[in-house]
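Heads up, the thing below is written out as structure tokens.
Any value given below was found using the heavy atoms of this structure, including those in side chains, with hydrogens, waters and symmetry copies removed.
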There are 2 protein chains.
Amino acid sequence: MIETERWLELLEEKGGRITGPRKAIVELMVKADHALSPVDVFDQARSKYPKMGLVTVYRTLEILSELGLVERVHQQDGCHMYLRAANGHEHLLICSRCGKAAYFSGDDLSVLIDRISSESGFVIQSHWLQLQGICQKCQPKKFQTPIE
Amino acid sequence: MIETERWLELLEEKGGRITGPRKAIVELMVKADHALSPVDVFDQARSKYPKMGLVTVYRTLEILSELGLVERVHQQDGCHMYLRAANGHEHLLICSRCGKAAYFSGDDLSVLIDRISSESGFVIQSHWLQLQGICQKCQPKKFQTPIE
DNA sequence: AATGATAATGAAAAACATTTTCAATAAGGA
DNA sequence: TCCTTATTGAAAATGTTTTTCATTATCATT
Ligand SMILES: [Mn+2]
Ligand SMILES: [Mn+2]
Ligand SMILES: [Zn+2]
Ligand SMILES: [Zn+2]
């Protein structure tokens with residue numbers, strides 16, 4: 001995948017070296033469709049790079065997060081999970097059964113934000129929006145909307 | 001404050017005993033206008049009840065949270081913080097300088113949610129919305145909107 | 001291709017955060 | 001007041017993240 005190359009190039013531009021452990025972690029994070037904990041990353045990455053240390057996972061997630069390639073996701077259960085970062089202004093939609101994560105965009109909260117701002121006196125800088133639900137695969141048949 | 005009484009009554013109805021440590025924690029959580037970490041609660045509660053143990057703080061926050069009186073708040077820094085729970089459908093507005101937290105209501109995301117739901121195939125169950133900004137007290141003079 | 005400076009790694013230890021265990025204490029019904 | 005037992009806090013156990021440090025591997029320079 002070309003996205004992997006892009007991440008590694010950015011890493012390199014920043015002055016970092018491209019190493020086996022880093023490649024394994026990047027490859028995995030680029031294609032992850034679930035938020036992963038450091039231990040999840042560790043377990044998965046070891047199949048590509050068996051010597052992988054958990055410390056390296058922490059360090060690499062930190063770097064990828066500084067580069068804006070990965071971001072922390074909060075969930076009711078684990079809340080130090082990492083996922084490929086949003087492209088521009090996107091928010092997350094997460095399946096509460098299987099954890100599948102998808103970004104969406106096109107929210108317009110400006111009216112709400114203006115109102116809250118003037119009611120509260122706060123200068124609002126950013127917002128955090130996250131939807132929880134059940135993805136198509138996890139829905140029992142009876143709840144599935146027929147495609148028409 | 002009568003709200004403190006209400007919390008203690010609910011605790012009692014649930015079969016719990018009213019104790020010194022619990023009173024100290026409830027009093028403090030009822031009036032907190034910042035999300036507090038277990039250690040914050042511990043430190044503050046010790047001034048009312050010096051023998052307080054940190055374990056009791058963890059246990060009491062757990063109980064208050066089961067009773068729906070307190071809820072966990074996620075922030076970029078500490079994300080195991082606790083705050084008085086919302087009344088009905090409210091969301092948080094948090095000052096990124098001093099941590100002051102305020103609830104607001106009246107968000108209507110139904111149009112957005114319907115759209116995302118049909119685009120993604122997810123059945124959406126709930127949403128998290130949180131605004132970050134600078135509260136009035138923390139705003140430099142030049143940014144303050146004059147009251148007219 | 002070989003060399004060398006040094007960034008990156010992983011094992012181990014340390015630091016933190018949270019949960020469990022357990023004997024002592026205290027709440028509150030009888 | 002007495003008795004049952006929920007609650008407490010100290011200490012230990014567990015789990016997570018960070019630090020330390022000697023070794024290894026990357027890659028710019030020969
Ligand atoms: Mn948005
Ligand atoms: Mn969180
Ligand atoms: Zn799912
Ligand atoms: Zn403030």
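At its two ends the helix from C:dA1-D:dT30 to C:dA30-D:dT1 runs along axes set 30° apart, each axis drawn from five pairs and the angle rounded to 10°.
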Would you mind building the protein contact string for nucleotides 17-26 of chain D? One character per nucleotide, 5' to 3', B for base within reach (heavy atoms under 4.0 Å), S for sugar-phosphate only, - for untouched.
SBBB----BB

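In this structure a side-chain-to-backbone donor-acceptor pair under 3.5 Å is missing from A:Glu119 to B:Phe104. With B:Thr56 contributing its side chain and B:Met52 its backbone, the two residues share no donor-acceptor pair below 3.5 Å. Looking only at distances, a side-chain donor or acceptor of A:His34 sits under 3.5 Å from a matching main-chain atom of A:Cys98. Put simply, the side chain of B:Ser47 gets close to the backbone of B:Gln44: a donor and an acceptor are under 3.5 Å apart.
Residue pairs that meet the salt bridge (Lys or Arg N to Asp or Glu O under 4.0 Å) test with at least one member in residues 40-57 of chain B, sequence neighbours left out, are B:Glu27-B:Lys48, B:Asp43-B:Arg46. The list of side chain to side chain donor-acceptor pair (under 3.5 Å) pairs with a residue in residues 5-15 of chain A, not counting sequence neighbours, reads A:Glu3-A:Arg6, A:Glu3-A:Trp7, A:Lys14-A:Glu66. Pairs engaging residues 39-58 of chain B under the ring-ring contact (aromatic ring centres under 6.0 Å, His included) rule: none recorded [sequence neighbours left out].
Counting 5' to 3', DNA chain C first comes under 4.0 angstrom of a heavy atom of chain B and last does so at the ends given by C:dA17 to C:dG28.
Note: A:His127 and B:His91 fail the aromatic proximity criterion, with ring centroids not under 6.0 Å apart.
Spacing between atom CZ of A:Arg22 and atom P of D:dC27 amounts to 10 Å, rounded to whole angstrom units. Between B:Lys23 atom NZ and D:dA6 atom C1' the separation is 16 Å, expressed in whole Å.
Expressed to the nearest 0.5 Å, how far CG of B:Asn87 lies from NE2 of B:His89 amounts to 13.0 Å.
For the residue pair A:Ser96 and B:Gln125, a side-chain donor N or O sits within less than 3.5 Å of a side-chain acceptor on the partner.
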